[in-house]
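Right, one structure below, let's go through it.
Below, chain A is the first sequence line, B the second, and so on; all start at residue 1.
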Number of protein chains: 2
Amino acid sequence: MDALAVKSFKALGDPTRQQILALLAEQDMTIGQVVDHFDMTRAGVKKHMKLLEVGQLITVKAEGRERINSLNREGFKSIMQWIAYFDQFWDDKLDALASLVEQEEQK
Amino acid sequence: MDALAVKSFKALGDPTRQQILALLAEQDMTIGQVVDHFDMTRAGVKKHMKLLEVGQLITVKAEGRERINSLNREGFKSIMQWIAYFDQFWDDKLDALASLVEQEEQK
DNA sequence: TCCATATAATACCTTTTGGTATCATTTATA
DNA sequence: TATAAATGATACCAAAAGGTATTATATGGA
């Protein structure tokens, strides 16, 4: 089982973190810029960012005294790959349904 | 923002629950059958199942004194839709990169 | 009817999580 | 060189989550 996927999913299971990602989809931001969009202390936001980083949903790049946060495709990819495993399930289920319908039609 | 997606993501952010889903992808099961696959009390497993149900990743159907648990496509769909929003981001980024390369080539 | 089985519900405990407050560190700039 | 700005790190607190134990309820079968 993909251990990263658990961390990515966990990171996404919070409305604040989802909002942060939506902001970063518009443009890269420092933590300070992100904080301006929330009624929360810097330390609080920082913790969320850390979880997003652990889940590989964002990357941080040092630039002088600032840290630029950007979306990271890795986390998104690991999630989609995990979900893809279940696509097979739905395909099989639809196939089974199709066979059943065929059998009914032949009666 | 899709409120369901938060619950679905939260439900998936736990290794036990991911394993339960993998079991249900093989075949529908009662809670008792699921419990047999874990070193955990029935009540513990039950709590996980409840979260999976809230996240619309499984459905429960009463059948006599048993409850049959099956995968539910709704939760998976809401997650993929949420992720899809970010696909646009990657597309844009790749487009921007392509333009940049073109500009460089013209120099 | 009586009993075993499958489940639900609740109370309780420990750990993790979401958040604040506070202090230390690095870097840009007057 | 001071000083302000941007950040990192830590201690602390309340609430939520993960788990057990226990009790109660419904259903199938001898």
Ignoring backbone atoms, establish whether [X] has a side-chain N or O less than 4.0 Å from OP1 or OP2 of [N].
X       : N      : answer
B:Lys46 : C:dA9  : no
B:Lys47 : D:dG19 : no
A:Thr16 : C:dG18 : no
B:Arg67 : C:dA6  : no
A:Arg65 : D:dG8  : no
B:Arg42 : C:dA6  : no

Calculate the interatomic distance between [X] atom [atom1] and [N] atom [atom2]; express it in whole Å.
X       : N      : atom1 : atom2 : value
A:Ile20 : C:dG18 : CD1   : P     : 11 Å
B:Ile31 : C:dA9  : CD1   : C1'   : 12 Å
A:Gln19 : C:dG18 : CD    : P     : 14 Å
A:Leu51 : C:dG18 : CG    : P     : 6 Å
B:Gln33 : C:dT7  : CD    : C1'   : 13 Å
B:Met49 : D:dA17 : CE    : P     : 18 Å
B:Phe38 : D:dT20 : CZ    : P     : 12 Å
B:Phe9  : C:dT17 : CZ    : P     : 18 Å

Check your understanding: If each of A:Glu63 and A:Arg17 is mapped to the nucleotide of DNA chain C with the nearest heavy atom, which maps nearer the 5' terminus, i.e. the 5' end?
Key ->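 It is A:Arg17, whose closest nucleotide lies nearer the 5' terminus.
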**Study point:** 5'-most by nearest nucleotide on DNA chain C - B:Asn69 or A:Glu66
**Key:**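 The residue mapped nearer the 5' terminus is B:Asn69.
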Exercise for review: Classify the nucleic acid contact of A:Gly44 as base, sugar-phosphate or nothing, counting any heavy atom under 4.0 Å across all strands shown.
Suggested key: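 Base contact.
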Exercise for review: Would you mind classifying the nucleic acid contact of A:Lys10 as base, sugar-phosphate or nothing, using non-hydrogen atoms under 4.0 angstrom?
Suggested key: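 Counting heavy atoms under 4.0 Å across all strands, the contact made by A:Lys10 is with sugar-phosphate only.
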Check your understanding: Which value, rounded to the nearest 0.5 Å, describes the distance between B:Asn69 atom CG and B:Gln33 atom CD?
Key ->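 CD of B:Gln33 is found 9.5 Å from CG of B:Asn69.
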Review point. Between atom CZ of A:Arg17 and atom CG of A:Leu12, what is the distance when rounded to the nearest 0.5 Å?
Key: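 Result: 8.5 Å between the selected atoms.
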Exercise for review: Test B:Phe38 against every option in B:Val34, B:Asp36, B:Thr41 by the side-chain contact (heavy atoms from CB on, under 4.5 Å) rule and name the one that passes.
Suggested key: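 Between B:Phe38 and the candidates, side-chain contact (heavy atoms from CB on, under 4.5 Å) is satisfied uniquely by B:Val34.
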Is there a path from [X] to [Y] through hydrophobic residues (I, L, V, M, F, W, Y) whose side chains come within less than 4.5 Å of each other?
X       : Y       : result
B:Leu57 : B:Ile83 : yes
B:Leu71 : B:Met29 : yes
A:Ile31 : A:Val60 : no

Selected nucleotide, minimal atom distance to [X] side chain, candidates [options]:
X       : options               : result
B:Ala43 : C:dG18, C:dA8, D:dT20 : D:dT20
A:His48 : C:dA9, D:dG8, C:dG18  : C:dG18
A:Met40 : D:dG19, C:dT20, C:dT7 : C:dT20

